[in-house]
Amino acid sequence: MDAAERDSGETIAAVATPPGRGGIGVLRVSGPRVPHIATCLLGRCPRPRHARFARFRAADGTAIDHGLALYFPQPASFTGEHVLELQGHGGPVVMDLLLARVCALGARPARPGEFSQRAFLNGKLDLAQAEAVADLIAAGTAAAARAAARSLEGEFSRRVDELAQRLVALRMHLEAAIDFAEEDIDRLGEDAVDRRLRDILAALTQVEQGAARGCLLQEGVHAAIVGRPNVGKSSLLNRLAGREAAIVTPEPGTTRDLLRETVDLDGVPLRLVDTAGMREAADAAEREGVRRARAALAEADHVLLVVDDRTGPDPDDEALLAQVPEGVTVTVVHNKIDLTGAAPGPFTTGDGRVALRVSALTGDGIEALRARLRGGPPSEAGAGEFGARRRHLLALQRAREDLEEAARQWGALRAPELLAEDLRAAHRVLGEITGEFTGEDLLDRIFANFCIGK
């Protein structure tokens, strides 16, 4: 049974505003019983798409609250079903009473993301647009919000659909030639097939690059600051954060626990974790701090190993680098150049590692470090990034693998049957991004991470 069959005939309701007290609270209701619920609650069903001031009535006719009611009949609504939105006072007790009353009239509490899921199932949004709803709500920077808004408007879906249509057009010619080999039909020559495959792969590369930027804007960079005690890890955190987030003293071992700070890195959320200095701990509290530091090291996607520029890395630093998981970016930060007089900026170590010389005290070299963390110079406003998720990147990677395999097979065998099958596999993977080909288990996982009421 798919999600549409499972939920058919049910009316759902949820408070769509955050928990707590506020000036306004919004209750959203969607489903076939909305007209009946509106009549019982308000006295009559409101005029479609017009705000009406009304009394929200309990079963005995007394007022639960007063506020605005808006009614959107199907299919012209967010979910594609009848939708009622009630805007009342934002007290939690009032909202709970109103939700209980609506449920008594035939609705049930909505699951997380169920309104957006119904919008997808009813063709109001594709899956990438539905995910952009949650990404827009969760955006940590203005750039991430703009990128999510572009995906919500269909920018990402349009690019994926253009790729899919090019695959379909090539498949159409190949399969026609296979099925009607004896007929006089227009066939593509081998050179034309080669050219189309190259063009499709080039277009896929562009979409991948845009999706990677969008994913970075949404997920940000998770960086762990590690190193020996007293090399300036907390000072570096404060400099990147632009405030005194961490206590800094000359005494080694000041940081005992993980200290987390999120920084807007020119539109990219930078999630920093300052860790305890790596050494043989003197007491139980510091030992626990070192253990947590090692755990943060394993979870990061960028590690900043801070060393004192006066001494450089020592064997303990090399042992620490050996613990960094494969595939994690490492930057060795030579701090305290205000004491050595070294020039700030990037350089390459003798063993080929990327390193930067900075002064957390004066700020010299910090801009180069920021550029290293965000992966390049600041993006220009309105550069056209669209919101994307790790799931989308993995799907695009799988589509690329199918297309590269198609190109290899075609180059070696010139077999249209094998090429058409690889193109079909790539098309199906692209369809997983927009929801054209999607299992119910994937849908449930995606929408379970949405807010209640959205």
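From a predicted model like this one, the values you see are computed outputs, not experimental measurements.
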> For residues 403-413, which side-chain donor-acceptor pairs fall under 3.5 Å, sequence neighbours excluded?
{"residue": "Glu404", "atom": "OE2", "partner": "Arg400", "partner atom": "NH1", "Å": "3.2"}
{"residue": "Glu405", "atom": "OE1", "partner": "Arg408", "partner atom": "NE", "Å": "3.3"}
{"residue": "Glu405", "atom": "OE1", "partner": "Arg408", "partner atom": "NH2", "Å": "2.8"}
{"residue": "Glu405", "atom": "OE2", "partner": "Gln409", "partner atom": "NE2", "Å": "2.9"}
{"residue": "Trp410", "atom": "NE1", "partner": "Asp194", "partner atom": "OD1", "Å": "2.9"}

> Taking side chain as C-beta onward, heavy atoms only, is Arg389 less than 4.5 Å from Leu393?
no
> Can you give me the closest heavy-atom contact between Ile12 and Ala110, atom names plus distance?
CB-CB, 3.9 Å
> Please determine if Arg428 and Glu432 form a salt bridge, counting it only when a charged side-chain N lies under 4.0 Å from a carboxylate O.
no
> Show your working on salt bridge (Lys or Arg N to Asp or Glu O under 4.0 Å) between Glu155 and Arg159 and close with a plain yes or no.
CA-CA 7 Å; Glu155 176 67 15; Arg159 297 194 189 188; 2.9 Å; yes
> How would you list, by chain and number, every residue that makes a salt bridge (Lys or Arg N to Asp or Glu O under 4.0 Å) with Arg310, sequence neighbours excluded?
Asp308
> Can you tell me which residue pairs pass the ring-ring contact (aromatic ring centres under 6.0 Å, His included) test with a partner in residues 314-359, sequence neighbours excluded?
His334-Phe347
> How many angstroms lie between CD1 in Ile200 and CG in Leu204, if you round to the nearest 0.5 Å?
9.5 Å
> Does a donor on one side chain sit under 3.5 Å from an acceptor on the other, for Ser30 and Thr79?
yes
> For the residue pair Val306 and Ile225, establish whether any side-chain heavy-atom pair is separated by less than 4.5 Å.
yes
> Kindly indicate whether the side chain of Leu27, heavy atoms from C-beta on, has any atom under 4.5 Å from the side chain of Phe56.
no
> Of all heavy-atom pairs between Ile366 and Ser359, which one has the smallest distance, and what is that distance?
CG1-O, 4.2 Å
> With a 4.5 Å cut-off on side-chain heavy atoms, are Asp264 and Pro269 touching?
no
> Side-chain contact, heavy-atom cut-off 4.5 Å: Gln165 with Asp161?
yes
> Give me the atom names and distance for the closest heavy-atom approach of Val83 to Ser77.
CG2-OG, 3.6 Å
> Taking Glu367 first and then Arg374, would you say they form a salt bridge - that is, a charged N and a carboxylate O separated by under 4.0 Å?
yes
> List the atom of Asp126, the atom of Phe120, and the distance in Å for their closest heavy-atom pair.
C-CD1, 3.7 Å
> Using side-chain heavy atoms (C-beta onward) and a distance below 4.5 Å, is Arg372 in contact with Leu356?
yes
> Between Arg108 and Glu114, is the salt bridge (Lys or Arg N to Asp or Glu O under 4.0 Å) condition met? List the steps.
CA-CA 12 Å; Arg108 66 162 173 81; Glu114 193 168 3; 2.6 Å; yes
> So, are Glu219 and Arg271 salt-bridged, with charged N and O less than 4.0 Å apart?
no
> Any heavy-atom pair between the side chains of Val333 and Val307 that's under 4.5 Å?
no
> Flag yes if more than 12 heavy atoms outside His89 fall under 6.0 Å of its NE2 atom; otherwise flag no.
no
> Taking side chain as C-beta onward, heavy atoms only, is Arg353 less than 4.5 Å from Thr348?
no
> Has Asp314 got a side-chain atom pairing as donor or acceptor with Asp316's backbone, closer than 3.5 angstrom?
yes
> Between Arg228 and Asp317, what is the shortest heavy-atom contact and its length?
CG-OD1, 3.5 Å
> So which heavy atom on Leu217 is nearest to which on Ala147, and how close?
CD1-CB, 3.9 Å
> Determine whether Glu421 and Arg424 satisfy the following criterion, salt bridge (Lys or Arg N to Asp or Glu O under 4.0 Å), listing intermediate values before the conclusion.
CA-CA 5 Å; Glu421 179 60 24; Arg424 184 200 64 79; 2.8 Å; yes
